[in-house]
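For reference, the structure is listed below as structure tokens.
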Amino acid sequence: MKNLLKTSLGFILGLSAALLLSFFAGENPVRIFIILVNSAFGSMYDLGLTLGYTTPLIFCGLSVAVAFHAGLFNIGAEGQLVVATATAAWVGVMFPNVPFILAPILATLAGLCAGAAWGAVAGWLRAYRGSHEVIVTIMLNFIAAGLVSWLVLNVIPNPNSQNPETAMVASQYQLKDYDLIARLFPDTPANFSFVVAVVLALLVWIFLWRTTWGFELRAVGYNPEAARRAGISEKKIRILAMTLAGAVAGFVALSEVVGSAGQYRIGFSPDYGFIGIAVALLAQNNPLGIVVSAFLMAALHKGASDLDLETSTITRDFSRIIQALIILGVCAQGYWQWIQNRRGKSK
Amino acid sequence: MIFDWWIFPLLFAALRMATPLIFAGMGGMFSERSGVVNVALEGFMLTGAFTGAILAQQTHSEWIGWFSAFGAGVIIAALYACFVIELKADQIVTGTALNLLAAGIAPFITKIIYNSTGSTPNLEMENRFEIFPLVMALVVAAFATLLLRRSKWGLWISFAGENPEALATAGISVRKVRWLSVLTSGGLAAWGGASLSLYLASSYSPMMTGGRGFMALAALIFGKWKPIPTLLACLFFGLADAVQIRLQGVSWGGYVIPVQFVQILPYLLTIVALAGFIGHSRAPKALGQSLNEK
């Protein structure tokens, strides 16, 4: 409870600091805040877009959290989701004759495998070669972007468009006809995968706190030395954690290809993988909390995207500043202690 | 023959491309040798690239751009030091947040000044550096080598990273040593960024650092946190970058290698270097640990 209070205060501090910055652009912070809220929840359409952002952010937040519980920092969710989504789109374009119900499952599984493999590379390198996962996953992000841009532009480009995007997947790969959430929010990317994301959060929670592997994973993250003495293989757990993290980030393929767009568009992700770090941190890596924090971060992101229209000097990039300051506000829990020390000294 | 039009230009290109890495690598070395992990190098570089380009463009003086880049680097590094040293925030998480912040602040400011969120306007030709940053990078590397190996300060920095308790016992404030080291790393990494925008290119463009801060970290690990091996690692990565540019559009038996495959070469090499050599590399003992002194 106390933690929740501190985290919320960190969130508010970070958000306020970001809003105050808008003074420099000659804007009124209160007005910016109202724009953010209105644009995130103002109408069913806005809410649909916010939900559309929420789903991938839940996946990415879970991905970061799973790795974090094993003591690993996964900045590679971005690369993992890019590879997964592109793979799913590739399957959908290359195999147009797969019958319905099998098709979306096939595309999603292919995406999950690609994401898992991308994560596993970083896990293996960390476990067996000691290469720091932060540097490796960043490099893998760049490599993923390069390979996927080749795939999209040279292998399966969209013949009907000049945009950097793949051709559309065959229609039976999509679930639009059966998608109640998509019907509730017409013309927005919101879709059934939001429910999948919430269920996945529950499953990740069960995995981490109710299974042996989950226990071992947390043990390695909490105290590697003690875990080793208890006979837990640190190497196996590191690879497992990164593979799972990659697979979880890979679920973005489901929301993007099967659920909404039906193709891979270069730049479709506004750095979901990085916002996922803020999401996980805000929820203190609790899978159920991630559902809530993903929604909050999605709302801020959606809100910021309307700043382009509503103000003359602040753009959608403002959401990066908000995210960064929120991470800082939440991660610097040391200021409580610092304030206490100050008080102690002055007495 | 082949030397004149192939090898020499390539080696010179390698030196040029290595310049930002050398600055960032040396900066990272100060911070990490003193015990503070520095994932924020990328953000420091971006800050430097951005500040340098804007001020050089506004004042028509590359020198004002160059030195204000250093100042801006020191300022953002002070923010980093404040969070990780004073508030004991997680170093990697804070570093990542600062990278995001730098990437967000740049378009925020360009929008106010130039009413655009893309690149800054091009510098005039005479406001670009000819070769100065490259020379300066080598001078900084030499100076860092001397400082770390031969001076009292170098000894203090190493102790802050290896055995902070011993340093504290000797009556030296570990906090101050780490603060100064992180500030130095900010200024140097920002020069790395400024050499991108004022020397290799002629303007700031969004995300122009392209992971070079992380490559510099890899070079640091590859170089075992020692100045000369780190310098060599930076030169190696610079060579990879130069080869990459040279290979774009080259055809091999009538088949043009896709440009994307060529572009990922430096990133692949970074991973290979990390995977192949880390076994022999040892980080400073107290790297990443925050202080418990009062």
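Protein chains get the first letters and strands the later ones, always in sequence-line order, with residue 1 at the start of each.
B/L217 places none of its side-chain heavy atoms less than 4.5 Å from the side chain of A/H132.
With a threshold of 4.5 angstrom between heavy atoms, A/I322 does not approach chain B through any atom at all. Contact annotation for B/L98: only side-chain heavy atoms (C-beta onward) come within less than 4.5 Å of a heavy atom of chain A. At a 4.5 Å heavy-atom cutoff, the contact between B/F214 and chain A is made by backbone and side-chain atoms alike. For chain B, the nearby parts of A/L140 are the backbone and the side chain; heavy atoms of each come within less than 4.5 Å. Only the side chain of B/V39 comes within less than 4.5 Å of a heavy atom in chain A; its backbone stays farther off. Proximity to chain B involves both the backbone and the side chain of A/I143, based on heavy atoms less than 4.5 angstrom apart. Only the backbone of A/S312 comes within less than 4.5 Å of a heavy atom in chain B; its side chain stays farther off.
What you find for B/V93 and A/C331 is that their closest heavy atoms are CG1-CB, 3.9 Å. The minimum heavy-atom distance linking A/L125 with B/A275 is given by the pair CD2-CB, 3.4 Å. Closest non-hydrogen pair, A/A324 versus B/A97, comes out as CB-O, 3.3 Å. Closest of all the heavy-atom pairs between B/T96 and A/F73 is OG1-CE2, 3.3 Å. Heavy-atom minimum distance, A/V136 versus B/I271: O-CD1, 4.0 Å. Considering all non-hydrogen atoms of both residues, B/I112 and A/T313 come closest at CG1-O, 4.5 Å.
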Candidate pair A/T311 and B/K111, rule side-chain contact (heavy atoms from CB on, under 4.5 Å), full reasoning: CA-CA 11 Å; A/T311 72; B/K111 178 75 182 173; over 6 Å; no

Check the pair B/F108, A/T315 against side-chain contact (heavy atoms from CB on, under 4.5 Å), reporting the backbone distance first and the verdict last. CA-CA 7 Å; B/F108 181 71; A/T315 64; over 6 Å; no

side-chain contact (heavy atoms from CB on, under 4.5 Å) between B/N99 and A/F274: does it pass, once the steps are laid out? CA-CA 10 Å; B/N99 290 340; A/F274 287 92; over 6 Å; no

Would A/N154 and B/Q260 count as a side-chain contact (heavy atoms from CB on, under 4.5 Å) if you check the C-alpha gap in whole Å, the side-chain angles of each, and the deciding distance to 0.1 Å? CA-CA 10 Å; A/N154 301 41; B/Q260 293 96 342; 4.2 Å; yes

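For B/Q58, the side-chain hydrogen bond (donor to acceptor under 3.5 Å, both in side chains) partners two or more places apart in sequence, or in a different chain, are B/Y114.
Between B/Y267 and A/F142, the ring planes are parallel. Angles under 30° get that label, and only those over 60° would be called perpendicular.
With respect to chain B, the highest number of heavy-atom pairs below 4.5 Å among A/D317, A/V134, A/I327 belongs to A/D317.
For residues 234-263 of chain B, every residue pair satisfying the salt bridge (Lys or Arg N to Asp or Glu O under 4.0 Å) rule, not counting sequence neighbours, is listed here: B/R212-B/D241.
The structure places CD1 of A/I321 at 4.0 Å from CD1 of B/I105, a figure rounded to the nearest 0.5 Å. Here the straight-line distance linking atom CG of B/L269 with atom CE of A/M139 works out to 11.0 Å at 0.5 Å rounding. Note that CG of A/L281 is 8.5 Å distant from CG of B/D90, once rounded to the nearest 0.5 Å. The structure places CD1 of A/I135 at 9.0 Å from OG1 of B/T270, a figure rounded to the nearest 0.5 Å.
Remark: side-chain polar atoms of A/R320 are not paired, donor with acceptor, to backbone N or O of B/G104 under 3.5 angstrom.
Around the CZ atom of A/F33, the shell of radius 6.0 Å holds no more than 12 heavy atoms that belong to other residues, nucleotides or ligands.
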